[in-house]
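Note sheet for the following structure.
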Amino acid sequence: MVNLMERGVLLVLVACILPAILVECRVRHYKFNVVMKNHTRQCSTKSIVTVNGKFPGPTIVAREDDTVLVKVVNHVKYNLTIHWHGIRQIRTGWSDGPAYIAQCPIQPGQTYTYNFTVTGQRGTLFYHAHILWLRATVHGAIVILPKLGVPYPFPKPDKENIIVLGEWWKSDVEAVINEALKSGLAPNVSDAHTINGYTRPVKNCNSKEMFNIHVKPGKRYMLRIINAALNEELFFKIADHKLTVVEVDATYVKPFKTDTIVISPGQTTNVILEANNKAMGKYLVVVSPFMDAPVPVDNATGFATLRYPAFRHKTLSATLTAPPPINATAVADNFTNALRSLNTKEFPAKVPQKVDHSLFFTVGLGVNPCKTCVNGSRIVADINNITFVMPDISILQAHYYNISGVFTDDFPAKPPTPFNFTGNNQVTNVGTTKGTKVYRLPYNATVQLVLQDTAIIAPENHPFHLHGFNFFVVGKGVGNFNPKNDPKKFNLVDPVERNTIGVPSGGWAAIRFRADNPGVWFFHCHLEIHTTWGLKMAFLVDDGKGPSESLLPPPNDFPKC
Ligand code: C2O
């Protein structure tokens with residue numbers, strides 16, 4: 001008996017302590033001090049909300065299966081939360097981050113430690129503030145390395161680079177959105193696109209305004225590209241270099257070559273770049289908006305350079321490239337249509353083949369009356385006519401502690417009145433209703449969700465993001481979804497798996513997922529202005545059987561409202 005116990009203790013020692021010493025620590029600790037910091041961009045200085053003073057914030061590196069603890073200390077005047085965008089948070093919804101959905105905010109002066117384990121994911125994701133418009137400057141990369149000893153399913157890069165794309169406003173971002181909410185109109189577009197925090201050269205300006213990617217000839221680079229912009233889908237292109245796409249949203253894809261990638265806010269894309277250009281020198285890297293609807297965007301191209309060493313200190317002009325036209329739908333389609341799950345034995349595409357809940361969501365804008373607004377009306381947004389209103393405490397808490405009166409679980413599975421969703425001259429607002437409604441799913445239910453853009457005010461590409469899950473993009477098309485014919489063309493074999501999907505402008509996209517993660521999961525357009533206007537809802541997934549299928553209890557330091 002004693003002997004067995006001793007052996008048990010020894011086994012625990014071997015299993016837990018030895019590998020930690022010999023291999024590496026499986027628990028990663030980070031500290032985020034959220035502080036104001038002056039940054040100079042576009043030749044003028046502005047105080048912004050940052051993680052540890054950095055813009056973009058520090059990178060989080062973990063391996064698949066690691067546990068990550070991030071202690072967030074709020075030193076600014078705003079309420080704060082951080083979301084680990086794309087991390088599945090299996091049973092740990094308390095660490096997901098969206099304010100009033102998963103948690104009450106971390107108030108000024110308060111601290112909260114996010115605690116989650118990375119399960120079944122490897123690749124690039126990112127984190128960002130998930131309250132107000134703070135994510136404009138509070139964001140950074142998450143790098144998930146494969147398990148120790150497991151190679152990438154593509155030739156190993158010599159070096160990896162992180163490329164975070166963003167937007168820069170010369171004025172205070174919170175002032176921009178507050179102004180818009182007051183007037184009922186659209187907010188000012190940004191003043192510049194950023195590449196790793198830098199914009200583009202400014203004449204007669206001493207501050208560093210441009211980012212350089214340094215490469216050595218003959219070497220292979222993996223660029224981990226993140227779109228952390230608030231409101232703009234972006235094209236990314238490097239002069240005279242092809243990019244091989246190998247992963248999106250932390251799932252491997254069948255590799256393919258392209259010269260332009262398209263990336264929506266909330267999406268990540270890993271590409272391989274071979275630094276094999278015979279001409280060497282400097283090459284322009286361009287980031288420009290993609291908008292194929294009559295909606296104003298920041299149309300200024302962001303620039304960086306790719307530099308080979310011999311030219312590092314010379315002022316030779318760079319090889320130029322033109323970004324695609326702003327409305328280049330065909331370029332965007334070429335890219336997204338090429339995306340396929342890797343679907344190998346090691347990385348199978350587990351597409352749900354049968355559907356328990358078939359949902360149809362119209363997504364788009366609307367106009368509601370507003371006495372105090374400039375035009376007597378305000379722009380709103382809705383899903384199935386519901387303009388989602390945030391509650392005062394988090395829905396996850398209300399669900400866990402059975403607090404009534406916070407939300408209802410009657411989110412409609414389809415629009416109340418069908419209409420010609422994408423028809424021309426779609427001027428009628430079908431009238432949106434305010435509500436804090438969730439769609440309830442039993443544990444492990446399979447869901448098919450068709451997202452249908454509407455032409456009310458204007459058709460527009462909406463990058464929809466689902467918290468807590470990845471989904472498979474089984475189909476997409478232009479015009480109105482045809483429930484008879486379109487499903488026949490669905491790809492149920494190797495569709496791309498991701499967490500954010502651009503619903504085509506004036507079209508539809510169909511996704512499938514399995515509700516195997518208990519909790520409350522936000523689902524929203526990742527254009528921040530649309531989220532603000534109400535283009536959001538949440539799924540509530542009930543506990544399954546036993547502890548392994550149930551939400552864990554909240555941590556002790558869970559913020560209070
Ligand atoms: Cu990256 Cu709810 O968002």
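When reading the values below, keep in mind they use all heavy atoms of this one structure, side chains included, and skip hydrogens, waters and symmetry mates. First listed ligand is number 1; within each ligand, the first listed atom is number 1. Everything numeric in this text was worked out from a predicted model, so none of it was measured.
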Atom 2 (Cu) of ligand 1 to nearest N/O/S of H83 less than 2.8 Å: no
H85 backbone or side-chain N/O/S under 2.8 Å from atom 2 (Cu) of ligand 1: no
Identified ring-ring contact (aromatic ring centres under 6.0 Å, His included) partner of H128 from the options H465, H83, H139: H83
Apex atom 2 (Cu) of ligand 1 - arms NE2 from H130 and NE2 from H524 - angle rounded to 10°: 110°
T446 and D356: side chain donor to acceptor below 3.5 Å: yes
Heteroatom test (N, O or S) for H128 near atom 1 (Cu) of ligand 1, limit 2.8 Å: yes
Option among R122, R498, R88, R224 that satisfies the salt bridge (charged side-chain N to carboxylate O under 4.0 Å, His left out) test with D249: R498
Residue list, side-chain hydrogen bond (donor to acceptor under 3.5 Å, both in side chains) with T251, at least two apart or on another chain: none
For atom 2 (Cu) of ligand 1, the closest N/O/S atom belonging to H467: NE2
Check: F361 main-chain N/O paired with Q452 side-chain donor or acceptor under 3.5 Å: no
